[in-house]
Each structure stands twice: as structure tokens, then as C-alpha cells.
Number of protein chains: 2
Amino acid sequence: MKDFRHQNRLYYSPVEFAMNYIGGTWKMPILVALREGPVRYGDLKKSISHITDKMLITQLRDLEEKNMVTRKAYAEKPPRVDYALTERAKQALSVIDALHAYGAFLMKEEEITL
Amino acid sequence: MKDFRHQNRLYYSPVEFAMNYIGGTWKMPILVALREGPVRYGDLKKSISHITDKMLITQLRDLEEKNMVTRKAYAEKPPRVDYALTERAKQALSVIDALHAYGAFLMKEEEITL
DNA sequence: CAGGATCCACGCTGATACTG
DNA sequence: CAGTATCAGCGTGGATCCTG
């Protein structure tokens, strides 16, 4: 596979490129949390354990910039903001599911019990 | 998803666990390079562009320890060593393919041309 | 073919404080 | 409620250079 550049970063393969969109500790949990439809910031935070405001915000901003989520703010009080998946992000869900299944398979092999 | 520990490391999800086995810059390229069967060290290095001896060795050791590859040394001269995928690693290939496809999809959307 | 010695950047974390 | 701002620290992956 030939390597390529994007926004001045070098990638060795499409896999590496994909990981830029869904990799890291928090992006997949966020995408999964949004799978059923738009979710408010507060609910998002509640549904993703261990995440801090800081990480949630930075990851949401990053995902927005990558066109993986859309942000909608409503002029209400109290203020309401929700996030939703874009089409390209929805296509990532099956990949995440596959990764999840493979992880579960490995855990079983390693005899990890929850 | 409840979190869990393995070898004294904390994981938040099976996905994170899976990434420990196939994540990082080099593990997937290595696994893919071994997909058709055992490959010798030298050929492995030739087929994976940009990789250094250091990284190749470290990652192979790590994969061995995780039971993802097996190492076989032959008492010949010149010495010969080859590496092969284990069953659990073969099961990762479809996941890697899915990731690859998703990456290619994103690249197309971003209009990246090789 | 295998590795030691450095070194650095990056991703993530933690603490704390503040805002319309 | 839904963030913003900032400073510090840490572990790890990876790069570079060198050796046998």
C-alpha cells in the first residue's frame, strides 16, 4: 500500500486513516452512545462512564470537525444542545460492532469474566 | 459496559481490549502481511514499508506474547526464522478488512487520491 | 536477525476555576 | 445546563542511532 498525506499528516494505510476518525479512548464510546439518535450533552456524559467534561468536549469538537457528528443548540432555557451522527459516522457502527465482537472473543479466550 | 482489568490494566470496553492486540501503527500491517501463510523475517520487513528492524522485532515479540503469531526458527545455514498467524489472529483479519474498507470509504469522501 | 540507548511527541488525565 | 480555560504531568508508542 502506498502512503499518502492528508492535512499535512502522513498515513501508511487506510486503516490508519480510519483510526483517526474513530480511534482513541473515547470516540467509539461516543459514537455508540449516539447510535439510536440525537443525545443531549448531559445524557451523553451520563451514559459514558469515566469520561470527563474536558475529554467529552474535546472529542465532540474533534468529531464535529471531522464531520462525524452534528451539534444542534436550541434557544431554550435551560439551554439544550444535542449531538447526532452523520451518515459517514453511521457507517462506522458496523466496524465498531466487529471490533467489539472480536474483543469479546479475545476476552473469552483469555478467560476474562466481568 | 462495565469496565474490567487484565494484567493489571484497566479497560473500559471490549473494543479497547481488542485494540491492545491489533492496535498501534504496526500490528495490523504485520498481521495482514502474514495472511497468506508463514513469512520469513526478511520478507516481512521488505513487504512492510517504513518499518524499522526495531519496531518489527518489538511488535513481533509483543504479538507472540499475545498469542497472535508463532515464531519458528530452523537450524539451517543461513539461519531461517519465520512467523505465522495463530487462529485467534486469523479471526482478526475480517475486522481489519472492515477497518480498511471504512478507511477507504472515508478517503474517497475526503477526496484523497493516491 | 536481534537488540540496547536515547529521546520526543502525543493522547490522556487531573485539578481548579469560571460563565451565560 | 452546557460548556470554557489553563497548567501540569505521565505513560507509551514510535523514531533514530548504534551494536553484534
Only counting residues at least two apart or in another chain, list the ones meeting ring-ring contact (aromatic ring centres under 6.0 Å, His included) with B:Y83.
->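 ring-ring contact (aromatic ring centres under 6.0 Å, His included) list for B:Y83, sorted by chain: empty.
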Residues forming a ring-ring contact (aromatic ring centres under 6.0 Å, His included) with B:Y11, sequence neighbours excluded | B:F4, B:F17
Qualifying salt bridge (charged side-chain N to carboxylate O under 4.0 Å, His left out) pairs with a residue from residues 7-24 of chain B, counting only residues at least two apart or across chains =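 Counting only pairs at least two positions apart or across chains, the salt bridge (charged side-chain N to carboxylate O under 4.0 Å, His left out) contacts touching residues 7-24 of chain B are B:R9-B:E16.
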By side-chain hydrogen bond (donor to acceptor under 3.5 Å, both in side chains), which residues pair with [X], not counting sequence neighbours?
X	result
A:K90	A:E87
A:H50	B:D3
B:E65	none

Range on DNA chain C touched by chain A - first to last nucleotide, heavy-atom distance under 4.0 Å =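 Taking any atom under 4.0 Å from a heavy atom of chain A, the span is C:dC12 to C:dG20.
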Taken in chain and number order and not counting sequence neighbours, the residues that satisfy side chain to side chain contact (heavy atoms under 4.5 Å, CB included) with A:A73 are A:R71, A:V81
Please set out all donor-acceptor pairs under 3.5 angstrom arising from side-chain atoms of residues 22-39 of chain A, sequence neighbours excluded.
unit_1 : atom_1 : unit_2 : atom_2 : d
A:K27  : NZ     : A:Q59  : OE1    : 2.9
A:K27  : NZ     : A:D62  : OD2    : 3.0
A:R35  : NH1    : A:D97  : OD1    : 3.2
A:R35  : NH2    : A:D97  : OD2    : 3.0

Below 3.5 Å, can you tabulate the donor-acceptor pairs from side chains in residues 104-111 of chain B to any protein atom, sequence neighbours excluded?
unit_1 : atom_1 : unit_2 : atom_2 : d
B:E109 : OE1    : A:R88  : NE     : 2.8
B:E109 : OE1    : A:R88  : NH2    : 2.9
B:E110 : OE2    : A:Y21  : OH     : 2.8
B:E110 : OE2    : A:R88  : NH1    : 3.1
B:E110 : OE2    : A:R88  : NH2    : 3.4

If you fit an axis to the five pairs at each end of the helix from C:dC1-D:dG20 to C:dG20-D:dC1, how big is the angle between those two axes, to 10 degrees?
->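 Result, rounded to 10 degrees: 40°.
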Which letter, B, S or -, goes with each nucleotide of nucleotides 2-16 of chain D from 5' to 3', with contact meaning a protein heavy atom under 4.0 Å?
-> SSS-BB------SSB
Any side-chain heavy-atom pair from A:Y12 and B:I48 closer than 4.5 angstrom?
->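 With C-beta onward as the side chain, the pair stays apart.
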